[in-house]
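A short worksheet on the structure shown next.
Chain identifiers are assigned alphabetically (A, B, ...) following the order of the sequence lines, protein sequences preceding nucleic acid strands; residue numbering begins at 1 within each chain.
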Amino acid sequence: MTGSILEGQMNVELASDYYLTNFKELIEYIGSTYTDLLSSEERGFLLIFSQLPRESQMLYIRMLTRKGEWFRARKLNYQEIPDLFGAVTSLEKSDLVQVYPAKSMLPLAAVIGLFTKAEWLLQLKFCGIDTASLKTLKRAALEERIFELAEHHSALSYFENEILFCLKGSAVFDTFKLLYFGNQHQDLTEFVLRDLGHYRYEDYLINRDTRSFQDKSQLQAHQHYYAIIEPLEEVLLQSKAEIIALVEQLPATPQSDRLLDRRIQSVKLRLARQLERLDAPQQALLIYQQCNIPPARERSARIFVKQQRIDEGLNLCREIIAQPRSEAEQQFGEGFGYRTARKHKLDWQAPSNYKPPRRTLTLTPTGAGVEVDVACYFSQNGECHFVENDLFSSLFGLLYWEVIFAPVKGAFTNPFQIRPHDLHEPDFLTQRQAVFSQANHALLSQELLNDAITSRWTEKFGIANYFVNWSWIDEALIHTALARIPLPHLKAIFQRIWQDIRANCSGFPDLILLTDTGYELIEVKGPGDTLQANQLRWMRYFHQQNIPHRVVYVEFDSLG
DNA sequence: ACCGAGCACTCAATA
DNA sequence: AGTTCTTCTG
DNA sequence: TATTGAGTGCTCCAGAAGAAC
Ligand SMILES: [Mn+2]
Ligand SMILES: [Mn+2]
């Protein structure tokens, strides 16, 4: 079961101007829905670009989708752009590309990345520098050395035979991408992957009169955020001072734009967590106090207790228990509060301590993975499949397909969404009451459910859906599973997913064993592995709902 | 990947 | 001189 | 010995060509 689910439709040929078509589709959307948020430069771009010769448009996009802003003309070889210099001339006139003829003097930082190590060593030799000691340096070290040497050898960034292009206006396109996708991680490759058949997206209704960004200040807030976190990964590797400096740049939280708020808080949590590692708990605490998403309070409580501020730690646990933001957080408050209180001889209610049914199994490893080995072992009792989260999540996604893709205002703004924008909002279902209750009709009988899910399966096969993993679940398995799992069990499981989609799509047991008479959900634990908190929460729920489940602890017998 | 998620593996510190 | 990483492509 | 917590690694188009090691 490897490779893409859509492998069958290989040999898709894209039109030779595919990237121009895609680019035009993107900016057409910007022009039709966002002109009022654009700067004059951005509006100007739309106009100027539309008037460029076709090959100039194509060259511009080629450059946009390559790395960096500086290019050697000789490295831009495209058969669909036979007259490179003709194409670039219009771009230069429109101020979208700056052309630097050979023998120009350029800042070293601009050109350092354009040449290979071998080329730089040659250049160094031309400048009369002895390269013997430089040849063994790694790329990064060599670049450093070149910068030092350039102080006294200005000719290092002088090239006899290189025409260079510098791309302008890439920030404008960044804005367009952000407006189009609503984020900064999707780009033009989405079009290609879709058209190649790697992904297929649901044909949901995109409301042209609803959009992700309502006004300019909202757009600017998102851009500001992305600009600040640009060095995030680097800063996380640096020391306290740099991390704190980055946090201080971030806007105050919580804030009213919920999407942006979550992004900012997630970054704050990461930075604070790193401050903990760097032994700066006080500063971490200050950041956690600006956040209301988990695990901000959990981390704070841990810090308090570590600092022997037991009262404050326990008070925070009480707050968590009184108003948990998730079951996970509640479970933490109860457990950590109990352990801490007990250690200090204080009163605290013991948390529920469910122990799921267990058995141990001794077998010889085949190398395919413990879960597969155990599934193999249980095959003597029936069909046993390694499904983890995929089975129930996929059933959920199939049953509630129409709910997920219902044309609610603002839910869909571009053709590359695997879910509606507001999937995790608390009012998600109240916005979709009618489709929701209609989907639930299928839960009235086994036959209706079977029909609903299998017809959805054939109708939607391969279409991207947040909940459905097409590559791991086959139709036969769905069929048997639906026949064996009683309706009340499925209802209970789906209900818990709806309660907290983000948290409850994970933690399902590894295996499902389907026997002649029924089924069982089995979590496999190899030596040294233990139940994770989310796995235990599901099992506690299974217990309450009489859903058959078990943990199988594996010991290996061949290892001396 | 909506600036990681989800899982198992490994190790160390507790009780 | 073979292997691994990066970049580009459709 | 079991439990807890922390940190790590793996995968997320696929394949080609070039560059780095
Ligand atoms: Mn598992
Ligand atoms: Mn397992």
How close or far is atom [atom2] of [N] from atom [atom1] of [X], stated in whole angstroms?
{"X": "Q274(A)", "N": "dA6(D)", "atom1": "CD", "atom2": "P", "result": "13 Å"}
{"X": "D390(A)", "N": "dC7(B)", "atom1": "CG", "atom2": "C1'", "result": "12 Å"}
{"X": "L232(A)", "N": "dA1(B)", "atom1": "CG", "atom2": "P", "result": "19 Å"}
{"X": "F191(A)", "N": "dT9(C)", "atom1": "CZ", "atom2": "P", "result": "18 Å"}
{"X": "H424(A)", "N": "dA5(B)", "atom1": "NE2", "atom2": "P", "result": "11 Å"}
{"X": "E276(A)", "N": "dG7(D)", "atom1": "CD", "atom2": "P", "result": "9 Å"}
{"X": "F213(A)", "N": "dC2(B)", "atom1": "CZ", "atom2": "P", "result": "15 Å"}
{"X": "E190(A)", "N": "dC2(B)", "atom1": "CD", "atom2": "C1'", "result": "11 Å"}

Contact class for [X] (heavy atom, under 4.0 Å): base, sugar-phosphate, or nothing?
{"X": "G507(A)", "value": "sugar-phosphate"}
{"X": "Y226(A)", "value": "base"}
{"X": "I229(A)", "value": "base"}
{"X": "K355(A)", "value": "sugar-phosphate"}
{"X": "R258(A)", "value": "nothing"}
{"X": "D195(A)", "value": "nothing"}
{"X": "R273(A)", "value": "sugar-phosphate"}
{"X": "Y78(A)", "value": "sugar-phosphate"}
{"X": "R194(A)", "value": "nothing"}
{"X": "R339(A)", "value": "sugar-phosphate"}

Using 0.5 Å steps for rounding, measure from the [atom1] atom of [X] to the [atom2] atom of [Y].
{"X": "I243(A)", "Y": "L236(A)", "atom1": "CD1", "atom2": "CG", "answer": "6.0 Å"}
{"X": "R358(A)", "Y": "K525(A)", "atom1": "CZ", "atom2": "NZ", "answer": "12.0 Å"}
{"X": "K117(A)", "Y": "I146(A)", "atom1": "NZ", "atom2": "CD1", "answer": "10.0 Å"}

Given ring pair (Phe, Tyr, Trp, His ring centres under 6.0 Å), test Y466(A) with H424(A) step by step and report yes or no.
CA-CA 12 Å; Y466(A) 179 83; H424(A) 297 296; 5.7 Å; yes

Check ring pair (Phe, Tyr, Trp, His ring centres under 6.0 Å) between [X] and all other residues, then give those that pass, not counting sequence neighbours.
{"X": "Y201(A)", "answer": "F416(A)"}
{"X": "Y226(A)", "answer": "none"}
{"X": "F508(A)", "answer": "F392(A), W538(A)"}
{"X": "F176(A)", "answer": "F45(A)"}

Work out how far the [atom1] atom of [N] is from that of [M], and round it to whole angstrom.
{"N": "dC5(C)", "M": "dC12(D)", "atom1": "P", "value": "15 Å"}
{"N": "dA14(D)", "M": "dA1(C)", "atom1": "C1'", "value": "27 Å"}
{"N": "dT4(C)", "M": "dT11(D)", "atom1": "P", "value": "14 Å"}
{"N": "dC7(B)", "M": "dA1(B)", "atom1": "C1'", "value": "16 Å"}

Would you mind telling me which of [options] lies closest to the side-chain atoms of [X]?
{"X": "N183(A)", "options": "dC2(B), dA1(B), dC7(B)", "result": "dC2(B)"}
{"X": "S506(A)", "options": "dG5(D), dC2(B), dC7(B)", "result": "dC7(B)"}
{"X": "H421(A)", "options": "dC2(B), dC3(B), dG10(C)", "result": "dC2(B)"}
{"X": "R263(A)", "options": "dG10(C), dT9(C), dC2(B)", "result": "dC2(B)"}

For a quick test of reading the model: is some side-chain N or O of [X] closer than 4.0 Å to OP1 or OP2 of [N]?
{"X": "Y199(A)", "N": "dC13(D)", "result": "yes"}
{"X": "N534(A)", "N": "dC7(B)", "result": "yes"}
{"X": "R66(A)", "N": "dT7(C)", "result": "no"}

Can R540(A) be said to sit on top of Y354(A)'s aromatic six-ring, NZ or CZ under 6.0 Å from centre and within 45° of the ring axis?
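No, a cation-pi geometry is absent between R540(A) and Y354(A).
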
In 5'-to-3' order, the base (B), backbone-only (S) or no-contact (-) status of each nucleotide in nucleotides 8-14 of chain B, using a 4.0 angstrom heavy-atom cut-off, is BSB----

State which residues pass side chain to side chain contact (heavy atoms under 4.5 Å, CB included) with [X]; sequence neighbours excluded, sorted by chain then number.
{"X": "S239(A)", "answer": "E242(A)"}
{"X": "A141(A)", "answer": "L137(A)"}
{"X": "Q308(A)", "answer": "I310(A), H344(A)"}
{"X": "Q290(A)", "answer": "T253(A), K268(A)"}

Shorter than 3.5 Å, N or O on both sides, protein versus nucleotides 1-3 of chain C: list them out with atom names.
none

Looking at the base of dC3(B), is there any donor atom on it, or on the side chain of H185(A), that sits under 3.5 Å from an acceptor on the other one?
no

Taking for K67(A) and for R62(A) the nucleotide of DNA chain C with the nearest heavy atom, the one nearer the 5' end belongs to K67(A)

Would you tabulate the nitrogen or oxygen pairs shorter than 3.5 Å linking the protein to nucleotides 19-21 of chain D?
| from | atom 1 | to | atom 2 | distance (Å) |
| --- | --- | --- | --- | --- |
| dA20(D) | OP1 | K117(A) | N | 3.3 |
| dA20(D) | OP1 | R139(A) | NH1 | 2.5 |
| dA20(D) | OP2 | K117(A) | N | 3.2 |
| dC21(D) | OP1 | R139(A) | N | 3.3 |
| dC21(D) | OP2 | K117(A) | NZ | 3.2 |
| dC21(D) | OP2 | R139(A) | N | 2.9 |

Run the salt bridge (charged side-chain N to carboxylate O under 4.0 Å, His left out) test against E190(A) and tell me which residues pass, sequence neighbours left out.
none

Please figure out whether F508(A) or F181(A) has its closest DNA chain B nucleotide nearer the 5' end.
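Of the two residues, F181(A) wins.
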
Please say whether more than 12 non-hydrogen atoms of neighbouring residues, nucleotides or ligands are located less than 6.0 Å from CD in E80(A).
yes

